[in-house]
2 protein chains.
Amino acid sequence: MDDEKLNDDNSPGEKKYEELDEETLFVVTQSFKALSDPTRIRILHLLFFKEYSVNEIAEVLHLKQSTVSHQLRFLKNLRLVKFRREGTTLYYSHDDKHVMDILNQTINHALHS
Amino acid sequence: MDDEKLNDDNSPGEKKYEELDEETLFVVTQSFKALSDPTRIRILHLLFFKEYSVNEIAEVLHLKQSTVSHQLRFLKNLRLVKFRREGTTLYYSHDDKHVMDILNQTINHALHS
DNA sequence: GTACTATATGAATATATTATCATATATGTT
DNA sequence: AACATATATGATAATATATTCATATAGTAC
């Protein structure tokens, strides 16, 4: 928890609760929002081991191409995925170890309880 | 990642992607949904070190009592918080170490980048 | 250039979510 | 019983979100 809680008044005995600053709150919220939708979780889970093209993702997960593309844009904006181009095909892969780790932890936690 | 990926056809060389089962997907989604709202994050963050009554939460975080109550119900349904009664006052505290741990990790990650 | 394929995008719709207000319920006190 | 206080709940309205369809864009081959 680091040192998030400190006195910021001058009463020696009283500890005042120190809120999360607005930007941290926003970043944390966004990270979890990315993982709060089943489609995005399925996509990230698919990308765990290897890269896939947009159409491959759509086929494997039985989703519309446009649905996948919209969600990939969402994930790309948060820098949770990246892509490389090969001709007209874009291969997407995950790009945030921390988020993938948290997803993995939570999946395993859910599987074992 | 455990053994989430297995063959389930009879082609010896081909590995077929094994999807998350529906219930796991649901549980994981719900857990992250709990953390995808700034009000709920603020409440859980407040509860990190000690219990608070509903009115205390509302005062400290500058929220309406009914907003806090609604969100606490949400968190209680997911068993992320519990409460004890003292007279007419209900003291809420967190009740899921795994989720609090993930929240903590993500806050620290956000703070240090 | 045209044709083909892969992906992205905009608009619309449907659904979900959140905060608020007003009120109900529950507990304690007199 | 009446009253005060703490919390919960239902209804509503505002906002956000996800999916779909239709179409646009970008790259490749000819």
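Everything quoted here is computed from the prediction, not taken from an experiment. Just so we're on the same page: letters track the sequence lines, and every chain starts at 1.
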Novice: Side-chain donor-acceptor contacts of residues 26-38 of chain A below 3.5 Å, not counting sequence neighbours, with atom names and distances?
Specialist:
from: Thr29(A); atom 1: OG1; to: Leu25(A); atom 2: O; distance (Å): 2.6
from: Ser31(A); atom 1: OG; to: Val27(A); atom 2: O; distance (Å): 3.0
from: Ser36(A); atom 1: OG; to: Lys33(A); atom 2: O; distance (Å): 2.8
from: Asp37(A); atom 1: OD2; to: Thr39(A); atom 2: N; distance (Å): 3.0
from: Asp37(A); atom 1: OD2; to: Arg40(A); atom 2: N; distance (Å): 3.1

Novice: Are the side chain of Ser113(B) and the backbone of His109(B) linked by a donor-acceptor contact shorter than 3.5 Å?
Specialist: yes

Novice: Below 3.5 Å, can you tabulate the donor-acceptor pairs from side chains in residues 85-93 of chain A to any protein atom, sequence neighbours excluded?
Specialist:
from: Arg85(A); atom 1: NH1; to: Gly87(A); atom 2: O; distance (Å): 3.2
from: Glu86(A); atom 1: OE1; to: Arg84(A); atom 2: NH1; distance (Å): 2.7
from: Glu86(A); atom 1: OE1; to: Arg84(A); atom 2: NH2; distance (Å): 3.3

Novice: Whole angstrom is fine here: how far is it from CG in Leu90(A) over to P in dT28(D)?
Specialist: 11 Å

Novice: So, is Asn55(B) near the phosphate of dT7(D), with a side-chain N or O under 4.0 Å from OP1 or OP2?
Specialist: yes

Novice: Hey, which of these two, Ser53(B) or Ser36(A), hits DNA chain D nearer its 5' end, going by closest nucleotide?
Specialist: Ser53(B)

Novice: Should we say atom NZ of Lys97(B) is surrounded by more than 12 heavy atoms from elsewhere, each under 6.0 Å from it?
Specialist: no

Novice: Tyr92(B) side chain N/O closer than 4.0 Å to the phosphate oxygens (OP1, OP2) of dA8(D)?
Specialist: yes

Novice: Specify the separation, in whole Å, of atom OH of Tyr91(B) and atom P of dT27(C).
Specialist: 16 Å

Novice: Answer yes or no: is there a donor N or O on one side and an acceptor on the other, between the side chain of Arg42(B) and the main chain of Leu61(B), under 3.5 Å?
Specialist: yes

Novice: Could you check how far CZ of Phe26(A) sits from P of dA16(D), rounded to whole Å?
Specialist: 12 Å

Novice: Find the distance Phe83(A):CZ to dT7(C):C1' and express it as a whole number of Å.
Specialist: 10 Å

Novice: Nearest whole angstrom, please: distance from the C1' of dA26(C) to the CZ of Arg84(B).
Specialist: 18 Å

Novice: Tell me the interatomic distance from Ile43(B), atom CD1, to dA19(C), atom C1', rounded to whole angstroms.
Specialist: 12 Å

Novice: Take atom OH of Tyr52(A) and atom C1' of dT7(C), then tell me their distance rounded to the nearest Å.
Specialist: 19 Å

Novice: May I ask you to check whether His45(B) and Tyr17(A) place their ring centres under 6.0 Å from each other?
Specialist: yes

Novice: Contacts to DNA chain C from residues 61-76 of chain A, heavy-atom cutoff under 4.0 Å, which residues?
Specialist: Gln65(A), Ser66(A), Ser69(A), His70(A), Arg73(A)

Novice: So, does Lys33(B) get its side chain near the phosphate of dT17(C), meaning an N or O under 4.0 Å from OP1 or OP2?
Specialist: yes

Novice: Taking CZ from Arg40(B) and P from dA16(C), how many angstroms apart are they, rounded to a whole number?
Specialist: 15 Å

Novice: Looking at dT27(C), I'd like to know if its phosphate oxygens (OP1 or OP2) sit under 4.0 Å from a side-chain N or O belonging to Thr89(B).
Specialist: no

Novice: Check whether Tyr52(B) forms a cation-pi arrangement with Lys50(B) (NZ or CZ under 6.0 Å from the six-membered ring centre, at most 45° off the ring normal).
Specialist: yes

